[in-house]
Amino acid sequence: MPEGPSLLILKENIKHFTGKKIIAASGYATINFDEIQNRKIVSIKTWGKHLFICLPKNNIEIHLRMFGSYTINKQKAHINPKLHLQFAKEELNFYVADVKLTPNISIYDSAADIMSNKWDTAAAKKKLKPIADRMICDTLADQQIFAGVGNIIKNEVLWRAKVHPETKVKDLAATEISSIIKHAVKYAFEFLQYKIAGTLSQYWNAYNQKKCSRCGNSMVKKYTGKGKRVSYFCTQCQVKK
DNA sequence: ACCCATGTTCAGCT
DNA sequence: TAGCTGAACATGGG
């Protein structure tokens, strides 16, 4: 169940495992468990929708994809963990997640992570230049440019910026691109707060909505862009150029 | 009961 | 060869 904000919550929830030793590791992940057993966790990091449990010599990289979940100090019934980490007094389980060992995570550029304090707006604009023929719905979901943006954030951001999802980047005014980027970062942190409060869906203006909360017009649901992901938009507020 | 989805990769085809 | 489609992963909520 992950977009960038949910990964920050995950990191927060498991940060107390930092400094603790993995005394046993198992699960149906296709990794060499010997490489992580008896290692101490050095730090917990995130990049976009990726989680890194950093060990002295390598990192456990976890991606929850669409259906992934985790449990702390308990186990789910009727489903085996992809990765089970046993500590002296605690345990951590990941289900239906991609799990791999990544020796060097410096390939992940924190300037591209919308929730990182290293986020770089100018760098994102630069990356958009050569792909100006692509639709904004695709580029906003591009993890190399906006790591952490998922389909909910995409829809909410375009609604806030009053931009039609199928607009090509080259047809957007510079002010619109700035607005989209500003809203992406801003909404991601709002998403985080709503998610923590358990009120996320109450504050959706576009995603899963029938009516535009700005003008009352019907929202359109359409599979858009190369990615063919669902977009919800108001044809009155978000006019295609 | 069935459909759909906060995601991504990859095989296989044109 | 580039680009597209569908499959795969496999869960859970409406």
Side-chain angles (χ1 to χ4, degrees), chain A residues 1-13 27-31 46-52 60-71 74-84 93-102 105 107-108 112-115 130-131 133-135 137-160 165-166 168 183-210 219-233:
Chain A
M1 326 170 26
E3 294 197 17
S6 299
L7 266 289
L8 287 197
I9 293 170
L10 167 54
K11 180 167 69 173
E12 179 67 19
N13 287 343
Y28 66 96
T30 54
I31 61 168
T46 57
W47 180 83
K49 303 165 189 170
H50 301 244
L51 176 76
F52 305 98
I60 308 171
E61 178 176 350
I62 296 167
H63 194 297
L64 296 176
R65 291 202 144 181
M66 193 84 89
F67 310 131
S69 61
Y70 59 94
T71 59
K74 60 185 170 192
Q75 295 180 3
K76 288 194 166 188
H78 316 301
I79 170 174
N80 292 321
K82 188 74 171 274
L83 178 66
H84 164 79
N93 300 289
F94 292 93
Y95 301 90
V96 203
D98 280 348
V99 177
K100 59 182 178 181
L101 299 183
T102 310
I105 62 170
I107 51 168
Y108 295 101
D113 183 346
I114 53 160
M115 307 206 73
I131 53 167
D133 276 335
R134 291 179 56 197
M135 292 179 183
C137 59
D138 285 325
T139 54
L140 194 48
D142 186 333
Q143 299 301 293
Q144 295 308 312
I145 307 174
F146 299 101
V149 170
N151 212 33
I152 294 174
I153 295 177
K154 177 196 83 179
N155 280 295
E156 293 297 316
V157 165
L158 293 176
W159 181 87
R160 281 161 174 75
E166 293 176 316
K168 289 183 176 179
H183 281 297
V185 174
K186 188 161 177 277
Y187 178 69
F189 285 96
E190 287 176 24
F191 182 125
L192 174 62
Q193 294 309 317
Y194 296 145
K195 186 83 177 174
I196 291 168
T199 57
L200 181 63
S201 61
Q202 294 175 29
Y203 292 94
W204 284 335
N205 290 299
Y207 187 77
N208 260 348
Q209 300 309 294
K210 295 266 187 290
M219 297 293 282
V220 172
K221 177 185 179 183
K222 184 182 179 187
Y223 292 87
T224 58
K226 275 188 183 179
K228 293 191 165 54
R229 298 297 303 279
V230 170
S231 287
Y232 294 87
F233 55 94

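Worth knowing before you read on, the calculation uses all heavy atoms, side chains too, and leaves out hydrogens, waters and symmetry mates. Quick caveat, the model's predicted, so the values are computed rather than measured. Naming: A, B, ... by sequence-line order, numbering from 1 per chain.
The separation between A:R229 atom CZ and B:dT9 atom C1' is 13 Å, rounded to whole Å. The distance between atom CD1 of A:I153 and atom P of B:dT6, rounded to the nearest whole Å, is 12 Å. A:W204 has its CH2 atom 8 Å from the C1' atom of B:dT6, to the nearest Å. One interatomic measurement links the two molecules: NZ of A:K100 to C1' of B:dT9, which rounds to 10 Å at whole-angstrom precision. Rounded to whole Å, atom C1' of B:dG7 lies 14 Å from atom CD of A:Q144. Summarising the geometry, the separation between CD1 on A:I62 and P on B:dG7 is reported as 18 Å, rounded to the nearest angstrom. For the pair A:Q143 CD and B:dT6 P, the computed distance is 13 Å after rounding to whole Å. Here the C1' atom of nucleotide B:dT6 and the CD1 atom of A:I114 are 12 Å apart, to the nearest Å.
The separation of C:dA10 from B:dA1, taken at their P atoms, amounts to 23 Å, rounded to a whole angstrom. Using atom P as the reference point in both C:dG6 and B:dC4, the two lie 15 Å apart (nearest Å). Nucleotides C:dT5 and B:dT6 place their C1' atoms 23 Å apart, quoted to the nearest Å.
Looking at residues two or more places apart in sequence or on another chain, you find a side chain to side chain donor-acceptor pair (under 3.5 Å) between A:E12 and A:K15. Qualifying side chain to side chain donor-acceptor pair (under 3.5 Å) partners for A:R229, counting only residues two or more places apart in sequence or in other chains: none. Under the rule for a ring-ring contact (aromatic ring centres under 6.0 Å, His included), A:F94 has no partner lying at least two apart in sequence or in another chain. A:Y232 is linked by a side chain to side chain donor-acceptor pair (under 3.5 Å) to A:N208, counting only residues two or more places apart in sequence or in another chain. With sequence neighbours left out, the side chain to side chain donor-acceptor pair (under 3.5 Å) criterion links A:S201 to no other residue. With sequence neighbours excluded, the residues forming a ring-ring contact (aromatic ring centres under 6.0 Å, His included) with A:Y194 are A:Y203, listed by chain and number. Under the ring-ring contact (aromatic ring centres under 6.0 Å, His included) criterion, A:W47 pairs with A:H50, A:Y108, not counting sequence neighbours.
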Just the atom pairs and distances: protein N or O near nucleotides 11-14 of chain B's N or O, under 3.5 Å.
none

When you compare the protein's N or O atoms with those of nucleotides 1-7 of chain C, which come within less than 3.5 Å of each other, and at what distance?
residue: C:dT5; atom: OP2; partner: A:K228; partner atom: NZ; Å: 2.7

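In this structure, the side chains of A:K82 and A:Y95 stay at 4.5 Å or more apart for every pair of heavy atoms. Taking the side chain as every heavy atom from C-beta outward, A:L64 and A:L10 approach each other to under 4.5 Å.
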Checklist line | For DNA chain C, the dot-bracket pattern of Watson-Crick and G-U pairs whose distances stay under 3.5 Å, | for other-strand partners | finding: .||||||||.||||
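Not one side-chain nitrogen or oxygen of A:K49 sits closer than 4.0 Å to the OP1 or OP2 atom of B:dT6. Taking only side-chain nitrogens and oxygens, A:H63 never comes nearer than 4.0 Å to OP1 or OP2 of B:dG7. In this model, the phosphate group of B:dA5 is approached by a side-chain N or O of A:Y223 to a distance below 4.0 Å at OP1 or OP2.
Residue contacts shown for A:K221 are limited to sugar-phosphate atoms, with no base heavy atom under 4.0 Å away. Within 4.0 Å of A:Y95, counting heavy atoms only, lies no atom of the nucleic acid at all.
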Next item on the list: If a protein heavy atom is under 4.0 Å from the base, mark B; if only from the sugar-phosphate, S; if neither, -; do that for nucleotides 9-14 of chain C going 5' to 3'.
Entry: BBBS--
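Between A:K222 and A:E166, at least one side-chain nitrogen of the basic residue sits less than 4.0 Å from a carboxylate oxygen of the acidic one, meeting the salt-bridge criterion.
Heavy atoms only, all atoms of each residue included: A:N155 and A:A206 are closest at O-CB, 3.6 Å.
Enclosure of atom NZ in A:K76 by more than 12 non-hydrogen atoms of other residues, nucleotides or ligands within 6.0 angstrom is indicated. Around the NZ atom of A:K11, the shell of radius 6.0 Å holds more than 12 heavy atoms that belong to other residues, nucleotides or ligands.
A side chain to side chain contact (heavy atoms under 4.5 Å, CB included) with A:I196 is found for one member of A:T199, A:L192, A:L200 and no other, namely A:L192.
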Report all side-chain donor-acceptor pairs from residues 147-154 of chain A shorter than 3.5 Å, counting only partners two or more places apart or in another chain.
residue: A:N151; atom: OD1; partner: A:K154; partner atom: NZ; Å: 2.8
residue: A:N151; atom: ND2; partner: A:V230; partner atom: O; Å: 3.0
residue: A:K154; atom: NZ; partner: A:V230; partner atom: O; Å: 3.2
residue: A:K154; atom: NZ; partner: A:S231; partner atom: OG; Å: 3.2

